[in-house]
There are 2 protein chains.
Amino acid sequence: MSPETLGTPPTIADVARLAGVSKGAVSLALNDKPGVSEETRRRVKQVAEQLNWRPSIHARAMLRSRAFAVGLVLARDPRQLAVDPFFAGFLGGVESVLNGSGLVLVLQVVGEDADKEADSYRRLVRERRIDGAFLLDIRHEDQRPALLPALGLPAVAVGPAGMDCGRVPVVGIRDGDGIAAAVGHLVELGHRKIAFVEGAPAYRHSTSRLDAWRQAMRAHGLSADLHDAGHFTGQGGAAATRRLLRRRPTAIIYASDLMAIAGVSVAREAGLDVPRDLSVTGFDDNPEAAHLHPPLTTVRQDPVAVGAVAAELLLAQIDGRQATPESPAPQLIVRASTATPLPMR
Amino acid sequence: MSPETLGTPPTIADVARLAGVSKGAVSLALNDKPGVSEETRRRVKQVAEQLNWRPSIHARAMLRSRAFAVGLVLARDPRQLAVDPFFAGFLGGVESVLNGSGLVLVLQVVGEDADKEADSYRRLVRERRIDGAFLLDIRHEDQRPALLPALGLPAVAVGPAGMDCGRVPVVGIRDGDGIAAAVGHLVELGHRKIAFVEGAPAYRHSTSRLDAWRQAMRAHGLSADLHDAGHFTGQGGAAATRRLLRRRPTAIIYASDLMAIAGVSVAREAGLDVPRDLSVTGFDDNPEAAHLHPPLTTVRQDPVAVGAVAAELLLAQIDGRQATPESPAPQLIVRASTATPLPMR
DNA sequence: CTGAAAGCGCTAACAA
DNA sequence: TTGTTAGCGCTTTCAG
């Protein structure tokens with residue numbers, strides 16, 4: 001085991017002294033810039049390695065006026081973070097590309113307060129803490145797509161494909177395709193009264209799913225009037241299901257697995273068997289989904305891929321490169337919560 | 001709306017010029033240090049406000065050799081991040097105390113690779129990116145409790161109460177109490193053959209729960225031989241349940257809700273009704289738990305509180321203050337997946 | 001090819 | 001009470 005540096009970490013001066021060269025030479029040698037002999041470069045690199053030296057990010061940041069970090073601000077109740085498997089996967093995807101880049105992720109979780117959220121971005125920029133930012137959970141009234149360009153901060157938004165974010169490029173989540181696939185699947189099974197439980201209407205990714213349902217229903221010549229909002233919570237999903245059940249749908253599409261799970265419970269309490277009396281589909285493919293009773297038919301996104309794409313796009317933007325990556329299509333995972341409807345009800 | 005700073009953010013020199021004083025005076029004025037007149041201080045502050053100026057974190061970092069950031073490295077498969085509601089809540093708690101402190105959270109997700117994990121901490125330290133770190137998911141063979149002190153990095157570990165982490169202070173999760181409560185609850189209902197499905201034995205918080213179950217069983221005069229490992233996954237929980245069911249327990253305690261959910265499905269497929277034929281308890285109180293059928297009896301931790309406590313402790317350590325905060329006790333949430341066992345089986 | 005020196009934005013220890 | 005100055009650790013000139 002190499003001797004870990006205790007106390008003050010080594011500086012470039014230490015490396016220079018031990019290698020018997022000047023600080024400038026060390027810099028050139030380690031950044032693979034011309035101006036030093038191969039012999040010197042080798043020796044310098046070896047000493048640096050041996051000292052376990054890495055340039056101070058702050059010194060570099062001052063010179064290049066770069067922070068070597070990107071930011072992600074989340075305006076959510078911390079307790080609500082857990083309900084969303086998308087976020088965790090997204091983080092993982094982001095990290096997978098950041099890891100090789102020398103940049104680091106700065107995360108802030110502020111409450112559900114749009115002003116705090118904006119202030120958080122402002123502070124990160126003014127303190128020069130980040131070189132770019134991710135925009136998640138885009139709302140209909142959202143100041144961020146205007147704010148970040150005004151701050152001169154490169155940014156990438158994540159939201160439904162086709163979403164308009166002004167000058168901020170968007171990594172499009174094709175969740176509409178997922179909803180359409182769910183509708184198609186149910187129609188094929190013979191369903192015609194297919195209800196929809198929306199998430200929280202303030203969010204773009206909520207209304208976009210509702211719109212996709214409407215559009216798909218109409219495309220199949222079905223009326224799109226059976227819908228209600230469940231706000232992405234278990235409580236909300238249960239309540240929406242209770243209201244919807246009175247109008248006797250044969251299937252319900254939920255905008256999240258959590259709401260679908262709550263819906264299944266409500267249906268069962270009402271004496272309905274899933275899928276015999278009611279077909280149910282979810283959205284997200286939570287880890288639980290495959291292990292429920294019955295296993296939940298749901299739409300699987302690939303949040304890890306989305307995160308990776310978003311990070312690529314942001315890095316490209318920061319470096320002034322061009323890039324327009326594609327985001328993967330969602331996938332309908334057919335399990336046992338959907339079936340042919342009973343012929344008569 | 002104030003004019004957002006576009007292009008180069010203002011520096012202390014701009015503030016000084018506009019206020020008609022020297023840079024030094026600005027620094028004193030804004031840090032509320034003596035050495036400037038009230039009159040000057042007021043004017044400087046006003047100009048700074050107007051310019052929307054904040055000191056560059058990097059310049060400050062160089063002088064004080066502080067990064068004004070703390071780190072969290074997670075060695076997990078990104079896809080596995082989502083299975084753990086504890087993590088999300090923890091993050092929220094950490095942020096809630098960081099928000100007021102001027103420090104920021106740097107997050108890294110590396111794969112399940114202990115060496116990458118250690119390198120990640122090393123790099124963060126050598127680049128002076130962080131002033132302290134959180135240690136999560138402590139394993140039995142874990143190099144971090146030795147590494148971080150050796151690196152001179154303040155750290156706080158989160159794990160089962162009583163866990164030994166050498167020189168790294170521990171925020172104790174009293175999950176053992178939660179397991180004991182579950183055992184107590186089941187015993188009170190009349191169960192005697194109570195099985196346990198462990199998580200992943202490599203983790204301290206996994207074996208500590210197993211130990212707690214063993215201890216509680218013995219304290220009630222029951223034998224503690226019905227247990228198996230489910231590795232915190234749905235698949236694993238299902239497999240463990242299948243094996244355990246052959247030995248006819250009347251109740252199973254799971255070390256996570258996800259495993260419990262999978263276990264309920266397996267039981268049902270085996271023709272067992274929960275809770276009539278088999279009582280089941282989980283751990284974590286996932287958002288889904290209350291909305292399952294039947295609603296899941298489970299142990300609720302308060303990850304937000306744990307995160308807040310850990311952050312307080314870390315900040316105190318960084319500032320050289322003393323602090324030994326308490327972490328909250330877990331709570332058994334009794335729902336409908338537990339009941340009196342059938343008199344005969 | 002190498003070394004010395006300037007300077008990034010700030011704070012702290014100085015003189016004035 | 002002020003203004004000036006010397007660095008923090010690094011990169012990037014510019015001379016040698």
Side-chain angles (χ1 to χ4, degrees), chain A residues 5 7-45 47-48 51-68 102 123-131, chain B residues 5 7-45 47-48 51-68 102 123-131:
Chain A
T5 327
T8 330
T11 75
I12 198 172
D14 300 320
V15 179
R17 190 161 7 84
L18 256 164
V21 295
S22 73
K23 296 191 298 173
V26 172
S27 178
L28 293 180
L30 280 140
N31 293 323
D32 283 321
K33 298 206 174 172
V36 287
S37 67
E38 259 326 300
E39 162 61 18
T40 312
R41 192 184 302 279
R42 239 186 13 77
R43 200 174 64 250
V44 168
K45 282 193 172 179
V47 171
L51 247 48
N52 206 3
W53 176 82
R54 284 284 215 132
S56 155
I57 209 69
H58 305 293
R60 305 190 70 206
M62 285 186 59
L63 293 220
R64 310 260 283 263
S65 54
R66 289 261 260 111
F68 302 101
R123 196 175 70 112
L124 289 173
V125 169
R126 294 189 312 196
E127 292 184 348
R128 274 76 136 196
R129 281 203 188 253
I130 56 175
D131 301 319
Chain B
T5 327
T8 331
T11 76
I12 199 172
D14 299 320
V15 179
R17 192 160 7 84
L18 256 164
V21 295
S22 73
K23 296 192 300 174
V26 173
S27 179
L28 293 181
L30 281 140
N31 294 324
D32 283 321
K33 300 206 173 171
V36 287
S37 67
E38 258 327 299
E39 161 63 17
T40 313
R41 190 186 303 278
R42 239 186 13 79
R43 200 171 67 247
V44 168
K45 282 193 170 177
V47 171
L51 248 46
N52 206 4
W53 175 83
R54 282 282 215 134
S56 155
I57 209 70
H58 304 294
R60 304 189 71 206
M62 286 186 57
L63 292 223
R64 312 259 283 262
S65 56
R66 288 262 260 109
F68 302 102
R123 198 175 67 112
L124 290 173
V125 170
R126 294 189 313 195
E127 292 184 347
R128 276 74 137 195
R129 281 201 189 255
I130 55 175
D131 301 320

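To find a chain, count down the sequence lines: A is the first, B the second, and so on, and within it residues start at 1. Keep in mind that this is a model prediction, so the values were computed, not measured.
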With the side chain defined as heavy atoms from C-beta on, B/Met62 is closest, among D/dG3, C/dA12, D/dC8, to D/dC8
Whole-Å distance between C/dC10 C1' and B/Arg64 CZ? 10 Å
Specify the separation, in whole Å, of atom CZ of A/Arg128 and atom P of C/dG9. 7 Å
Choosing from D/dC10, C/dT11, D/dG3, which nucleotide comes nearest the side chain of A/Pro55? D/dC10
How far apart are the closest heavy atoms of B/Ala19 and B/Val44, and which atoms are they? CB-CG2, 4.2 Å
Winner on side-chain proximity to B/Ser22, out of D/dT2, D/dT4, D/dC10, is D/dT4
Which whole-number value in Å describes the distance from A/Phe68 CZ to C/dC8 P? 17 Å
Closest to the side chain of A/Ser37, out of C/dT11, D/dT12, C/dC1, is C/dC1
Could you check A/Arg41 against B/Arg54 and say which one's nearest nucleotide on DNA chain C is further toward the 5' end? A/Arg41
Just the rounded figure in Å: distance from P of C/dC1 to CD of A/Glu38. 9 Å
Give one of base, sugar-phosphate or nothing for A/Thr40, where a contact means two heavy atoms less than 4.0 Å apart. sugar-phosphate
Rounded distance in Å - CZ (A/Arg42) to C1' (C/dC1): 17 Å
Are B/Arg128 and A/Ile57 close enough, and set up right, to give a side-chain contact (heavy atoms from CB on, under 4.5 Å), and what steps lead you there? CA-CA 6 Å; B/Arg128 276 74 137 195; A/Ile57 209 69; 5.5 Å; no
Can you check the A/Leu63 CG to D/dT12 C1' distance for me, whole Å? 8 Å
Among the nucleotides C/dA12, D/dG3, C/dT2, whichever has the atom closest to the side chain of B/Val21 is D/dG3
Between P of D/dC14 and NZ of A/Lys23, the distance in whole Å: 18 Å
Expected output: side-chain B/Arg54 to main-chain A/Glu127 donor-acceptor under 3.5 Å: no
Remember a base hit wins even if backbone is also touched, and classify A/Ser27 as base, sugar-phosphate or nothing at under 4.0 Å, heavy atoms. base
If only side-chain N and O atoms of B/Thr11 are considered, is one of them under 4.0 Å from the OP1 or OP2 phosphate oxygen of C/dG9? no
Do A/Arg41 side-chain atoms and A/Lys33 backbone N/O form a donor-acceptor pair below 3.5 Å? yes
Rounded to the nearest Å, what distance is computed from the CD1 atom of residue A/Ile12 to the P atom of nucleotide D/dC8? 13 Å
Side-chain ion pair, A/Arg42 and A/Glu38, N-O less than 4.0 Å: no
For a quick test of reading the model: is some side-chain N or O of A/Lys33 closer than 4.0 Å to OP1 or OP2 of D/dT12? yes
